[in-house]
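All remarks here apply to the structure that follows.
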Amino acid sequence: MKQVTITVNGTEYTKEVEPRLLLSDFLRHELGLTGTHVGCEHGVCGACTIMFDSESARSCLTFAVQADGHEITTVEGLAPDKDNLHPLQQAFWEAHGLQCGYCTPGILMSMIPFLKQNPNPTEDEIRHALSGNLCRCTGYQHIVDAVKLASEKMK
Amino acid sequence: MKPASFDYYAPNTIEEVLDLKHQHGDDAKFLAGGQSLVPAMNFRIVQPSALIDLNRVNELSFIKEDKNVIRVGAMARERHLEFDSSIKKYTPLLHEAVPFIAHPQIRNRGTIGGSIVNADPAAELPVLMIALNARLKAKNKNAERWIDAKDFFAGMFTTALKPDEVLVEIELPFAEKNTGWSFMEVAPRSGDYAMMGVATLVTLDKNKKCKFAKLVYLNAGDGPVDAIEASQSLIGETINDKLIESVASHASEKEINPFGNIHASIDFQRHLAKVLTQKTLKQALERVSK
């Protein structure tokens with residue numbers, strides 16, 4: 001067992017973990033932050049995407065021990081408080097950017113850094129940026145609309 | 001999903017890394033970006049008894065200009081290569097190709113050294129190392145040596161590294177003057193493994209005749225495939241459509257050896273190679289600075 005101290009959504013957690021514990025399982029089972037979803041667990045589907053020191057990354061392809069001393073942001077860290085959504089979440093609500101919602105947290109955590117780097121994305125750029133996240137419900141059209149709407153809201 | 005248990009080491013210096021590797025030998029695997037190793041561990045395809053995590057070895061993550069080369073630490077992230085201004089200026093082929101590697105979420109973690117050492121025949125970086133005539137610096141506890149990229153890749157997921165060595169640095173020569181470049185690949189969806197891809201370089205002399213050419217293919221054999229005969233046949237010639245057609249035919253029919261897979265038959269891979277060879281040669285020629 002190794003002791004790790006990881007800051008998640010601004011709160012510092014110190015835990016004893018096995019080295020083989022994936023960061024995705026650490027977030028879900030050790031911290032109870034089940035907003036980070038687990039799909040394929042080999043880096044393809046994007047459902048487990050989180051931000052590792054402000055950059056999007058697959059939490060299923062990182063061991064929790066590697067996050068020792070680092071800052072992680074999950075979907076639970078987006079909304080400013082219980083009554084208000086983050087503008088990106090609000091845009092997904094308004095543009096019907098989700099159906100079953102399983103892929104949504106990973107998409108949100110991919111789009112935050114994307115919109116930061118590309119505040120005025122074209123539809124092509126949005127579609128390209130979404131290619132690392134699989135959605136089996138929507139056909140992506142409303143997700144693209146939601147990201148476009150979010151880019152306007154976040155200006 | 002649970003990988004098998006392993007001992008975990010997170011050294012801070014290259015010296016500690018080499019000591020650990022010396023102690024544990026081939027039973028210990030290096031953990032670089034983990035974007036290929038961790039999936040394989042999740043499936044228990046690989047079950048190393050120890051992992052030596054290189055992510056805290058800060059001295060391995062540089063990208064810097066040094067006279068007429070760019071030196072890149074083995075732990076430089078693919079995402080950093082993508083946005084590095086020296087790489088864009090002096091090795092434009094690499095700059096063009098990096099965004100084809102998986103997705104930003106993967107490139108944020110994936111490293112140049114990890115991808116090279118993994119030696120996946122379908123990966124972009126091994127192909128680029130050969131196309132760019134890179135040199136790779138390996139170190140063990142007692143010595144270091146430089147290995148030419150063309151001698152580094154020894155088959156499917158196999159390299160010239162010895163069990164006690166670690167790749168520490170990649171040296172990339174600046175592109176020569178009057179060199180055009182082009183990288184293209186075809187994948188079922190953006191970010192997927194490509195069915196075929198090619199890195200192409202063409203250098204022209206004062207009389208617009210070809211003095212150097214390189215065509216290196218991915219997913220076309222058991223490692224990066226350097227079509228030496230095809231590129232050789234361009235040298236000394238004024239490149240026209242007819243020559244491009246014959247070079248593309250030769251490379252795609254005689255020099256590559258694709259295996260085919262569920263996404264593409266061997267014939268289709270050869271077809272893609274031919275089309276991509278033609279397209280990249282034309283684009284590279286257009287880009288040769290006047």
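The chains referred to below are lettered A, B, ... by the order of the sequence lines, with proteins before strands, and numbering in each begins at 1.
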Within residues 50-66 of chain A, residues adjacent to chain B where the heavy-atom gap is under 4.5 Å: A:Phe52, A:Glu55, A:Ser56, A:Ala57, A:Arg58, A:Cys60, A:Leu61, A:Thr62, A:Phe63, A:Val65, A:Gln66
Structural part of B:Arg56 lying under 4.5 Å from a heavy atom of chain A: side chain
Options B:Asp7, B:Leu37, B:Val38, ranked by heavy-atom pairs under 4.5 Å with chain A, top entry: B:Val38
CZ (B:Phe157) with more than 12 external heavy atoms under 6.0 Å: yes
NZ/B:Lys137: more than 12 non-hydrogen atoms of other groups inside 6.0 Å: yes
Neighbour count above 12 (heavy atom, 6.0 Å) for B:Lys89 NZ: no
Over 12 non-hydrogen atoms of neighbours within 6.0 angstrom of NZ in A:Lys155: yes
Residues of residues 77-108 of chain A near chain B, each having a heavy atom less than 4.5 Å away: none
Flag if over 12 foreign heavy atoms under 6.0 Å of CD, A:Glu71: no
Crowding at NE2, A:His70 (>12 non-hydrogen neighbours, <6.0 Å): yes
Heavy-atom pair count under 4.5 Å with chain A, highest-scoring of B:Gly191, B:Ser5, B:Gly34: B:Ser5
Considering all heavy atoms, the nearest A:Ser110-B:Gln105 contact: OG-NE2, 2.7 Å
Residue part contacting chain A, namely of B:Ala4, when any heavy atom lies under 4.5 Å: backbone
Over 12 foreign heavy atoms within 6.0 Å of NE2, B:His22: no
Interatomic distance, A:Thr49 atom OG1 to B:His103 atom NE2 [nearest 0.5 angstrom]: 9.5 Å
Which atoms of B:Phe83 approach chain A - backbone, side chain, both or neither, heavy atom under 4.5 Å: side chain
Which portion of B:Leu31 sits near chain A, non-hydrogen atoms under 4.5 angstrom: side chain
Atom pair CG/CZ of B:Asn42 and A:Arg20 - distance to nearest 0.5 Å: 11.5 Å
Taking every non-hydrogen atom, the tightest pair across B:Tyr8 and A:Pro19: CB-CB, 3.5 Å
